[in-house]
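For reference, the structure discussed in these notes is given below.
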Amino acid sequence: MNRLMSWPEPVVRVQSLSENGIRTIPDRYIKPISDRPALKSEIHDHLDVPVIDLQNLFDKDPALHQETSRRISSACRDWGFFQVVNHGVSHELMKRTRAVWHDFFELPLEVKQQYANSPSTYEGYGSRLGIEKGAILDWSDYFFLNYLPVTLRNQSKWPAQPASCRELVAKYGAQVTKLCGRLLKAMSINLELKEDYLQNAFGGDEMGACLRVNFYPKCPQPELTLGLSSHSDPGAITILLPDPDVAGLQVRKGGKWITVKPFPNAFIVNVGDQIQVLSNAIYKSVEHRVIVNSEKDRVSLAFFYNPKSDLLIEPAKELVNEDRPALYKPMTYDEYRLYIRMNGPSGKTQIESMKSNR
């Protein structure tokens, strides 16, 4: 673990590069040609991730409930992504929490530097993922903090400025955690498991949660780089609060990259690798990435709901049979996360490495 104590070279804040008015980006941010976004050709107007109204998810009317459940199940099987409205989280809280983080990134660099992070926990103010020396970097800064379990919640590492930041994060996290629980319950039922199966398999009340606030500064050459390289999320599910004004998230579908158009007051939900493992690949995590913009900064909030770190995660025995043997070998979330920290975002290579040899 000693390799994870410090970054392999001095950390450069992407926001500082952007604000210096550079016309060309440093070589460290230029992606190989095969990974560069074709910015105009990849907006497929006829395709967008499903938008699901959760109002009837636990309605007393069985027909309404079943239709909502069916739509969630279909999205988890076919897309790995969907947007949700009427999700129970206050629209005003969403707006204020996003705004306070935008204000944080506008603070002087010396204030933000007080929260500079290391790869041992990632907690704090950061600008890179993975510790490979000389790696090609993404065009983004971020702030990462632990939310659950409460024992890992270190408020001294949460920004003291702006003054309302800590309070808003606590309230926002509480409401989004409830949403995660409702979605896991729906997914369990759709997989024909007990309704609390996924929650319990991931640690019950000891599940983890963390927040990564992404800041994607304006970029003079957005066609050469990415805000976040292609990857699938390592945890259970992710709830993303996107920037309402600037699209950036792209989802891989049928070999094409689809730019997601944020629906008003919606969250974007995606299936993580651990649900792919536990569902024995009935539900699939999907590659996604972020493009950047030459005219506007962009802020998004990713809330990751994750298994308890020391639990072995493997395909549910109820979903394994002779025709569909277990596709993945057991692994703890800690072991899984270590791979990500060592290598940074790398498509679907991590979950592919978990495949059972049977």
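In this chain, residues are counted from 1 in sequence order.
Using a 3.5 Å distance cut-off with no hydrogens or angles, the side chains of Ser300 and Asn214 do pair a donor with an acceptor. Counting only N and O atoms by type, the side chains of Asn265 and His87 include no donor and acceptor under 3.5 Å apart. Checked by atom type, the side-chain pair Gln276/Tyr328 shows a donor-acceptor distance below 3.5 Å. In summary, the side chains of Asp273 and Ser232 do present a donor paired with an acceptor at a separation below 3.5 Å, with no hydrogens or angles considered. No hydrogens or angles considered: a donor-acceptor pair under 3.5 Å links the side chains of Gln199 and Tyr305.
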Check: Can you check side chain to side chain contact (heavy atoms under 4.5 Å, CB included) on Leu301 and Val299, steps first, answer last?
Finding: CA-CA 7 Å; Leu301 281 67; Val299 175; 4.2 Å; yes
Next item on the list: Could you walk me through whether Ile282 and Arg324 pass the side chain to side chain contact (heavy atoms under 4.5 Å, CB included) test, one step at a time?
Entry: CA-CA 10 Å; Ile282 294 171; Arg324 193 182 184 90; 4.0 Å; yes
Notebook entry, point to check: Step by step, would you call Phe82 with Val269 a side chain to side chain contact (heavy atoms under 4.5 Å, CB included)?
Noted result: CA-CA 5 Å; Phe82 51 100; Val269 179; 3.7 Å; yes
Next item on the list: Could you walk me through whether Asp243 and Tyr216 pass the side chain to side chain contact (heavy atoms under 4.5 Å, CB included) test, one step at a time?
Entry: CA-CA 10 Å; Asp243 191 309; Tyr216 303 105; over 6 Å; no
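Side-chain N or O atoms of Glu295 include none that pairs as donor or acceptor with a backbone N or O of Lys218 at under 3.5 Å. In this structure, the side chain of Arg98 engages the main chain of Pro242 through a donor-acceptor pair within 3.5 Å.
A cation-pi contact, defined as under 6.0 Å to the ring centre and within 45° of the axis, is absent between Arg77 and Tyr283. Relative to the ring axis of Tyr125, Arg13 places its NZ or CZ within 45° and under 6.0 Å from the centre.
Ring geometry, Phe143 versus Trp101: the interplanar angle falls from 30° to 60°, so the pair is classed tilted. Relative orientation of the Tyr115 and Phe104 rings is perpendicular, given thresholds of 30° and 60° on the angle between their planes. Using the six-membered ring where Trp is involved, Tyr122 and Trp7 have ring planes that are tilted, between 30° and 60° apart.
Under the 4.5 Å side-chain contact rule for hydrophobic residues, Ile258 and Val246 do not share a cluster. Phe215 and Leu107 fall within a single hydrophobic cluster, where Ile, Leu, Val, Met, Phe, Trp and Tyr side chains are chained together by heavy-atom contacts under 4.5 Å.
Annotation: Glu106, atom CD; neighbour count of heavy atoms from other residues, nucleotides and ligands within 6.0 Å is above 12. Few gaps surround CG on Asn321; more than 12 heavy atoms of other groups in view lie less than 6.0 Å from it. With a 6.0 Å radius and a threshold of 12 heavy atoms from other residues, nucleotides or ligands, Arg96 has its CZ atom at or below the threshold. By the neighbour-count criterion of 12 heavy atoms within 6.0 Å, atom CG of Asn20 is densely surrounded, having more than that number from other residues, nucleotides or ligands. The number of heavy atoms from other shown groups lying within 6.0 Å of CD (Glu110) is above 12.
Ion pairing of Glu67 with Arg70 is present here, as a side-chain N (NZ or NE/NH1/NH2) and a carboxylate O approach within less than 4.0 Å. Using a 4.0 Å cut-off between a side-chain N of Lys or Arg and a carboxylate O of Asp or Glu, Arg298 and Asp245 do not qualify as a salt bridge.
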